[in-house]
Amino acid sequence: MFKVVFLAGPTAVGKTEYAIRLAEDLNGEIISADSMQIYRYMDIGSAKPTADERRRVKHWLVDEIDPKSPFNVSSYQQLAKKYINDVHMRAKLPIVCGGTGLYFNSLLYEMDFAAPEGDEGYRKKLLEKYDTPEKLFERLRSLDSSAAKEDDKNNLKRIARYIERLEKGEARLAGFADIKRKNKDYEPLFICLCMDRKKLYERINRRVDMMMAAGLPDEVKKLREMGFKPSDIAMKGIGYKELMEGRPQDEAAEEIKKATRHYAKRQIIWFRRYGDDIKYFDVDTDGYDKVLAWVKEKL
RNA sequence: GCCCAGAUAGCUCAGUCGGUAGAGCAGUAGACUGAAAAUUUACGUGUGGCUGGUUCGAUUCCGGCUCUGGGCA
């Protein structure tokens, strides 16, 4: 069991900068927990650390996957665990930094992705067989009533996946009762950066304008020329999907701002679930020095 | 100056044959085990522009005023 810094927070709050400074001050390396920065060619829209920043501190899991190749939490978990161990073995401090909540879960908890891998064809057939949300939901209830939660009644994607797992042999779905079984490999120093909501939303709006000015439309154009289509999963990323649709730039920019604000809000809500396991720092009222001091104290 | 249309939730608008009003978006709170920047659940009271009149009762009908579009001069 060794110490690992986990640095979370909503998009645009300033995680990248804090992570880099921590890595410099504490002899660390950064393992990204970001589902978009992991893809190559998607630089501006995913707000990747700059080449200069990556020269200052070694980053893992940034720019590592081709947007064409399939990637998911399970793959992330494998790779991230490997890198965390590598960094630790070299006597450096692993700093996991990003905004993808599920990826954090895959490291913080004993999430087991062993058995049935997702089979899109299988799920498609389920959706044909149970062709209304009600029927699909009923099927899930008959297999595992505790898994059939009201919040998911119209969440076809998720219900289909749950049914798939149950039909393929899982007696009941893990993850409802025992998701809180903590991973014993690491002792997490879990930080969440926060900021006044209004300020964050304004920051997001400004950042989107900067991305547009920095050439996001061209980046998307290149991706299209490389053969990527709106249906590709990596192209569902905010900023990419809106521009892939080919709408006027100013209109797309507004949509991107809105989607990013919604995303930030979902992240904030996600991180709340960790309760007392997470230490909050307000970037405006606390600042970097308090974060550094807190980590030093815990190390 | 005249004519027409409009003025209702933060925004765009609907509706009420007269019984004080509801959608979408925005916003807020949640859910979350192979797409997760994904997917999904819940939450809607506002001086109905102002002011007179008719009426048991007006946001609704009538008059005046103000403002905003558009047209004519």
Side-chain angles (χ1 to χ4, degrees), chain A residues 10-12 32-39 42 44-48 65 67-79 98-120 122-124 127 133 136-137 140 144 147-162 164-166 168 170 172-181 183 197-198 200-201 204-205 207-208 211 230-244 254-274:
Chain A
T11 186
S32 169
D34 187 298
S35 65
M36 288 294 144
Q37 292 183 6
I38 196 164
Y39 291 121
M42 299 167 64
I44 299 170
S46 75
K48 266 180 207 165
I65 303 293
K68 278 202 175 67
S69 64
F71 192 81
N72 56 48
V73 219
S74 175
S75 325
Y76 174 80
Q77 186 189 42
Q78 269 186 2
L79 291 172
T100 303
L102 184 59
Y103 286 7
F104 275 86
N105 267 13
S106 78
L107 300 175
L108 290 160
Y109 300 119
E110 286 184 357
M111 292 177 73
D112 182 9
F113 296 106
E117 197 175 320
D119 179 346
E120 238 176 279
Y122 193 94
R123 274 174 272 174
K124 211 172 162 191
L127 290 170
L136 198 70
F137 194 66
L140 176 61
D144 181 349
K149 296 200 296 180
E150 194 66 11
D151 309 276
D152 283 331
K153 66 185 177 195
N154 286 317
N155 200 338
L156 303 185
K157 185 173 126 180
R158 183 171 298 154
I159 301 175
R161 171 59 185 158
Y162 286 168
E164 178 192 10
R165 288 168 58 193
L166 291 161
K168 282 180 173 175
E170 282 182 66
R172 54 178 282 280
L173 294 178
F176 293 101
D178 37 22
I179 183 78
K180 292 277 181 188
R181 214 167 44 233
N183 184 337
R197 184 78 61 97
K198 263 197 182 134
L200 181 68
Y201 284 0
I204 285 169
N205 293 343
R207 192 170 76 160
V208 171
M211 284 177 176
S231 56
D232 292 324
I233 282 156
M235 296 304 124
K236 304 275 189 210
I238 296 169
Y240 297 91
K241 62 167 171 262
E242 291 82 0
L243 287 162
M244 278 269 166
E254 290 312 306
E255 285 303 309
I256 294 169
K257 287 173 190 175
K258 193 201 289 181
T260 308
R261 278 184 256 122
H262 289 166
Y263 173 48
K265 186 184 147 158
R266 268 179 278 125
Q267 290 175 300
I268 290 166
I269 286 172
W270 179 287
F271 292 121
R272 278 182 192 152
R273 69 162 55 192
Y274 298 111

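The shown structure was predicted, so the numbers you read here are calculated from the model rather than taken from an experiment.
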Problem - A:Gln267: partners by side-chain hydrogen bond (donor to acceptor under 3.5 Å, both in side chains), with sequence neighbours left out - result: A:Tyr263
Handout entry: Phosphate-side-chain proximity, A:Arg273 and B:rC32, N/O vs OP1/OP2 below 4.0 Å
Key = yes
Exercise for the section: Identify whether any heavy atom of A:Tyr240 sits under 4.0 Å from a base atom; if not, whether one sits that close to sugar-phosphate; answer base, sugar-phosphate or nothing. Expected result: nothing
Exercise for the section: Please work out if A:Lys258 contacts a base, only the sugar-phosphate, or nothing of the nucleic acid, heavy-atom cut-off 4.0 Å. Expected result: sugar-phosphate
Handout entry: Whether A:Tyr103 and A:Tyr76 hold their rings parallel, tilted or perpendicular, with breakpoints at 30° and 60°
Key = parallel
Practice task
Salt-bridge test for A:Glu120 and A:Arg123: reply yes if a basic N is under 4.0 Å from a carboxylate O, no otherwise.
Solution key: no
Problem - B:rU39 pairs with, by Watson-Crick or G-U criteria that keep both distances under 3.5 Å - result: B:rA31
Practice task
Map A:Thr11 and A:Glu150 onto RNA chain B by nearest heavy atom, then report which one ends up closer to the 5' terminus.
Solution key: A:Thr11
Practice task
Write down the partner of B:rU60 under the Watson-Crick or G-U wobble criteria, each distance required to be under 3.5 Å.
Solution key: none
Exercise for the section: Tell me what A:Tyr201 touches on the nucleic acid: a base, only sugar-phosphate, or nothing, going by heavy atoms under 4.0 Å. Expected result: sugar-phosphate
Practice task
Let me know, please, whether A:Met211 or A:Arg197 comes out on the 5' side of the other along RNA chain B by nearest nucleotide.
Solution key: A:Arg197
Problem - Closest to the A:Tyr162 side chain, choosing from B:rC32, B:rG27, B:rG30 - result: B:rC32
Practice task
Specify whether A:Tyr109 and A:Tyr274 have parallel, tilted or perpendicular ring planes, treating 30° as the upper limit for parallel and 60° as the lower limit for perpendicular.
Solution key: parallel
Problem - From B:rA29, B:rA36, B:rC32, nucleotide with atom closest to A:Arg272 side chain - result: B:rA29
Problem - Nearest-angstrom distance from the residue atom CD1 of A:Ile269 to C1' of B:rA31 - result: 9 Å
Handout entry: Distance between C1' atoms of B:rU59 and B:rG46 (Å, rounded)
Key = 11 Å
Practice task
Would you classify A:Ser75 as touching base, sugar-phosphate or nothing, given that sugar-phosphate means primed atoms plus P, OP1 and OP2, and contacts are heavy atoms under 4.0 Å?
Solution key: nothing
Exercise for the section: Scan A:Arg266 against the nucleic acid and name what it touches under 4.0 Å (heavy atoms): base, sugar-phosphate only, or nothing. Expected result: base
Handout entry: Atom pair distance, as rounded to whole Å: NZ in A:Lys265 and C1' in B:rG30
Key = 9 Å
Practice task
For B:rU8 and B:rU16, measure between their C1' atoms and round to the nearest Å.
Solution key: 11 Å
Fill in the blank from the handout: Taking B:rC32, B:rA29, B:rG30 as options, the one with an atom nearest any side-chain atom of A:Asp151 is B:rG30
Practice task
Tell me whether the guanidinium CZ or amine NZ of A:Arg266 lies under 6.0 angstrom from the six-membered ring centre of A:Trp270 and within 45° of its axis.
Solution key: no
Completion exercise
In Watson-Crick or G-U wobble terms, with both distances under 3.5 Å, the base opposite B:rU47 is none
Problem - Complementary nucleotide for B:rG24 - Watson-Crick or wobble, under 3.5 Å - result: B:rC11
Handout entry: Proximal nucleotide (of B:rC32, B:rA38, B:rU41) relative to the A:Trp270 side chain
Key = B:rC32
Exercise for the section: Would you give the length of the straight line joining atom CG of A:Leu166 to atom CZ of A:Arg161, rounded to the nearest 0.5 angstrom? Expected result: 10.0 Å
Handout entry: Inter-nucleotide C1' distance (B:rG27, B:rC11), Å rounded
Key = 12 Å
Fill in the blank from the handout: Among the nucleotides B:rA29, B:rU39, B:rU33, whichever has the atom closest to the side chain of A:Lys157 is B:rU39
Exercise for the section: Return yes if a side-chain donor-acceptor contact under 3.5 Å exists between A:Arg207 and A:Thr11, otherwise no. Expected result: yes
Problem - Nucleotide of B:rA35, B:rA38, B:rC32 approaching A:Leu102 most closely (side-chain heavy atoms) - result: B:rC32
Handout entry: A:Lys124 atom NZ, neighbour heavy-atom count above 12 within 6.0 Å
Key = no
Handout entry: A:Arg158 vs B:rA38: side-chain N/O to OP1/OP2 distance below 4.0 Å
Key = no
Practice task
Please determine, for B:rG18, whether a Watson-Crick or G-U wobble partner exists with both distances under 3.5 Å, and give it or none.
Solution key: none
Exercise for the section: Scan A:Gly239 against the nucleic acid and name what it touches under 4.0 Å (heavy atoms): base, sugar-phosphate only, or nothing. Expected result: nothing
Handout entry: From B:rA36, B:rA29, B:rG27, nucleotide with atom closest to A:His262 side chain
Key = B:rG27
Exercise for the section: Indicate, with a heavy-atom threshold strictly under 4.0 Å, whether A:Asp34 touches base, sugar-phosphate, or nothing. Expected result: base
Handout entry: Partner nucleotide, any strand, of B:rU54 [Watson-Crick/G-U, under 3.5 Å]
Key = none
Fill in the blank from the handout: From the candidates B:rU40, B:rG27, B:rA29, the one with an atom nearest any side-chain atom of A:Asn154 is B:rU40
Practice task
Calculate the interatomic distance between A:Tyr109 atom OH and B:rC32 atom P; express it in whole Å.
Solution key: 11 Å
Problem - Complementary nucleotide of B:rA5, counting Watson-Crick and G-U pairs under 3.5 Å - result: B:rU68
Fill in the blank from the handout: Winner on side-chain proximity to A:Lys153, out of B:rA42, B:rU39, B:rA29, is B:rA42
Practice task
Quote, to the nearest angstrom, the P distance that separates B:rU47 from B:rG22.
Solution key: 15 Å
Problem - N/O donor-acceptor pair, side chain A:Asn155 with base B:rU39, under 3.5 angstrom - result: yes
